[in-house]
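Written out below as structure tokens is the structure these notes cover.
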Amino acid sequence: MKRLLGDIRRADEDFHMIARGDRVAVGVSGGKDSLMLLRALAVYSRFAVKPFEVVAITLKTGDPFDVKPIRALCEELNVPYVMEECDLIHQLFDVRREENPCALCARLRRGALLRMAAEQGCSKLALGHHREDAEETLLMSVLYEARLHTFHPVTHMEDSGVTVIRPMVYARECEIIHQAKKYAVPVVKNPCPADGHTTRQEMKDMLEELSRRYPRAKEYLLTALRDDSRYGLWNKTEP
């Protein structure tokens with residue numbers, strides 16, 4: 001946990017993510033990343049130089065999805081928990097029968113989480129994206145959109161007044177997996193029918209192949225994102 005907390009503190013300091021007195025909503029999907037972010041932020045909030053509060057929020061988009069283990073973890077961490085149900089998966093796959101539902105689903109889910117965060121009086125919404133997620137998004141943007149783009153560590157959403165933060169952008173996925181096993185976080189299976197069969201998964205596989213061929217590939221991609229010069233994507237204003 002020490003290394004993960006160090007990565008979160010570094011991201012917080014580099015990108016000014018959390019301010020004193022913030023109420024931070026953690027979007028908990030039930031996956032290892034969001035659950036470890038929740039646990040880590042709950043710990044971080046206790047010793048951070050700038051004290052802040054943590055609230056866990058879950059948007060239940062379909063069944064089967066058992067929130068009891070998530071609720072139990074929140075009780076263990078003494079973190080308030082809010083869950084809201086919707087039929088997003090049913091609408092996308094059964095009603096609209098979207099051929100490429102991932103982008104639309106992500107936008108709708110983020111919009112709902114922003115609303116939930118605002119309703120809980122939160123100024124920040126923390127999402128569990130890690131270093132490889134940023135690098136995979138960069139590859140996907142280049143190969144599918146012909147542009148250099150990835151998500152930013154901090155993005156202010158004008159419509160909701162809530163700022164999206166990604167405290168684990170420096171954290172390696174292998175470290176998150178290790179900590180998730182160590183603390184036995186209660187991972188809940190994703191109910192999405194497309195889970196594991198997406199363009200995102202293709203980029204994940206491609207990044208791993210690049211890493212096998214070029215051992216420093218992930219390190220160099222991260223350096224390119226946060227380069228202190230004007231070319232670093234994370235040093236530009238989010239469009």
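Residue numbers count from 1 along this sequence.
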Answer yes or no: is there a donor N or O on one side and an acceptor on the other, between the side chain of [X] and the main chain of [Y], under 3.5 Å?
{"X": "Asp133", "Y": "His130", "answer": "yes"}
{"X": "Lys32", "Y": "Val185", "answer": "no"}
{"X": "Glu135", "Y": "Leu221", "answer": "no"}
{"X": "His152", "Y": "Val154", "answer": "no"}
{"X": "Asp12", "Y": "Ile18", "answer": "yes"}

Sort and list the pairs that fulfil side-chain hydrogen bond (donor to acceptor under 3.5 Å, both in side chains) and have at least one residue in residues 68-80, not counting sequence neighbours. Arg39-Glu76
Shortest non-hydrogen contact from [X] toward [Y]:
{"X": "Ala171", "Y": "Ile176", "value": "CB-CD1, 4.2 Å"}
{"X": "Val162", "Y": "Ala117", "value": "CG1-CB, 4.4 Å"}
{"X": "Val54", "Y": "Pro80", "value": "O-CD, 3.4 Å"}

On the 0 to 90° scale, with breaks at 30° and 60°, tag the Phe15-Tyr170 ring pair as parallel, tilted or perpendicular. tilted
Is the number of heavy atoms from other residues, nucleotides or ligands under 6.0 Å of [X] [atom1] greater than 12?
{"X": "Arg9", "atom1": "CZ", "answer": "no"}
{"X": "Lys50", "atom1": "NZ", "answer": "yes"}
{"X": "Arg23", "atom1": "CZ", "answer": "yes"}
{"X": "Arg3", "atom1": "CZ", "answer": "no"}

Between Thr137 and Arg200, does the side chain to side chain donor-acceptor pair (under 3.5 Å) criterion hold? Intermediate values first, please. CA-CA 8 Å; Thr137 302; Arg200 168 73 61 179; 2.9 Å; yes
Can you find a side-chain donor-acceptor pair between Glu209 and Tyr214 that sits under 3.5 Å? no
Salt bridge between Glu132 and Lys204, side-chain N to carboxylate O under 4.0 Å? no
Given side chains that start at C-beta, do those of Met168 and Leu4 come closer than 4.5 Å, heavy atoms only? yes
Validate the cation-pi geometry between Arg166 and Phe151: distance from NZ or CZ to the six-membered ring centre under 6.0 Å, angle to the ring axis within 45°. yes
